[in-house]
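Worth knowing before you read on, the calculation uses all heavy atoms, side chains too, and leaves out hydrogens, waters and symmetry mates. Within every chain, numbering begins at 1; the chains are lettered A, B, ... in the order of the sequence lines, protein sequences first and strands thereafter.
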2 protein chains.
Amino acid sequence: MKTKEHILSTALGLFNQKGTNAVTTNHIAEAAGISPGNLYYHFRNKDEIIRALYAQLSARNDVELQLPPNRLATIDDVQALVRTNFTILRDYAFIYREFAALMQADPELHKAYLTARARGYFGFRALIAVLAQAGITNLSDPAAVTRLADICWLITEFWLSSLEISGQPVDDAGLERGIDLMMHVLRPYFAV
Amino acid sequence: MKTKEHILSTALGLFNQKGTNAVTTNHIAEAAGISPGNLYYHFRNKDEIIRALYAQLSARNDVELQLPPNRLATIDDVQALVRTNFTILRDYAFIYREFAALMQADPELHKAYLTARARGYFGFRALIAVLAQAGITNLSDPAAVTRLADICWLITEFWLSSLEISGQPVDDAGLERGIDLMMHVLRPYFAV
DNA sequence: GTCTATATCGCGATAGAC
DNA sequence: GTCTATCGCGATATAGAC
């Protein structure tokens, strides 16, 4: 199991740095200090490595992206969640950078993403519903909830890429700007 | 000049449909009904074709994305502009789908994009400034202007990809949802 | 301007020894 | 589980005839 994980972390580093296109299985093997044959013993091909990395990301999301279970969420809870989310995303920057292209190229990966997304998206809508019922938010119009969810999703999945594209560093400051953006979108609905 | 344009429109169709990765110069030549050698007479390589397509897109933006020059912009003018913008974007879907990856792979393309973006981004800020001066918007805090510009940019550049990723059709209805989203973000600042 | 033919290269993937 | 060796393939790119 040790080698398998070593391959994954090596591949992750290369993908983040150069993009999945420019990185071949040979490059990964060389950087990992193993033979190409050995890499193929552990993974059928590059797509399978990418899928495994996505599974890692997804697992981290499931574990780390939790609101406090025993009380209603506050705006600060939400902010902490957003920060955690961006931090995880940055570790797997290549996935979000090449999102649509990866999904287009690998239907299996797309399916895994759609499942995860459905959980998150409808979880978000459920959260809003709970908040509305508790009187914490005045957001009840379904169309408005959809719009809010769409905007939040856009920020979550594309803010880091947007920084990259525009030539701005994907550092802590850039990350904070994303958090700030998200909070400004959300705050009006938390007017208690 | 005829063949060159024919190659470009053929390549555009293939790229939009299958992604730049899956499409080789041979595929383009075959689909265009010419020989690979002929393609290389007109373009040095695939990157050059992509750059030429980006130049087309950029030119269309410059021509079609204009607010009325002789009077102050209304919210309806802005909506028309947003609609035009999405329409152009959809024609060149592959570029936005693979945005960060393309920019990372080709510094020359990235440079061209950064120039175009700077024009648009600062043009947007200038527009806000004009509106503020005319009393059409109450938006004067620079940080707030930046946030608004950032959100609008995110919607512009990533809404179509977001539709694709989430498995929703990139049709007129999806496009209208993007316009709707953008207008809901902008409208508060147009409270006349 | 366009074609055919071809050289080169490197990636993906497998077989078989250890 | 890991290595070495290697095959087949297809993509990029060029040369030279027409």
(message) With a strict under 4.0 Å distance from non-hydrogen atoms of chain B, what nucleotide opens and what nucleotide closes the contacted stretch of DNA chain D, reading 5' to 3'?
(response) D:dA11 to D:dT14
(request) Return yes when atom CD of B:Q133 has more than 12 non-hydrogen atoms of other residues, nucleotides or ligands closer than 6.0 Å, and no otherwise. (result) no
(request) Would you tell me whether A:E98 and A:T20 have side-chain atoms, one donor and one acceptor, within less than 3.5 Å of each other? (result) yes
(request) Enumerate the residues from residues 39-49 of chain A whose closest heavy atom to DNA chain C is under 4.0 Å, giving them by residue number; use none for an empty result. (result) A:Y40, A:R44, A:N45
(message) Expected output is a numbered-order residue list: members of residues 22-29 of chain A with a heavy atom under 4.0 Å from any atom of DNA chain C. What is it?
(response) A:T24, A:T25, A:N26, A:H27
(request) Give a yes or no on whether A:E30 atom CD has more than 12 heavy-atom contacts from other residues, nucleotides or ligands under 6.0 Å away. (result) no
(request) Anything under 30° is parallel, anything over 60° is perpendicular, the rest tilted; go ahead and classify B:W153 against B:Y121. (result) perpendicular
(message) Distance alone, cut at 3.5 Å: any donor-acceptor contact between the side chains of B:T3 and B:H6?
(response) no
(message) We want to know whether B:R125 and B:T146 form a side-chain donor-acceptor pair, criterion being a heavy-atom distance below 3.5 angstrom.
(response) yes
(message) Under 3.5 Å, is there a donor on one side chain and an acceptor on the other for A:N61 and A:S58?
(response) no
(request) Compare every heavy atom of A:F94 with every heavy atom of A:N16, then report the nearest pair and how far apart it is. (result) OD1-N, 2.8 Å
(message) Check the orientation of A:F99 and A:F158. Use parallel for under 30°, tilted for 30 to 60°, and perpendicular for over 60°.
(response) tilted
(request) Examine the side chains of B:E64 and B:T84 and answer whether a donor and an acceptor come within less than 3.5 Å of each other. (result) no
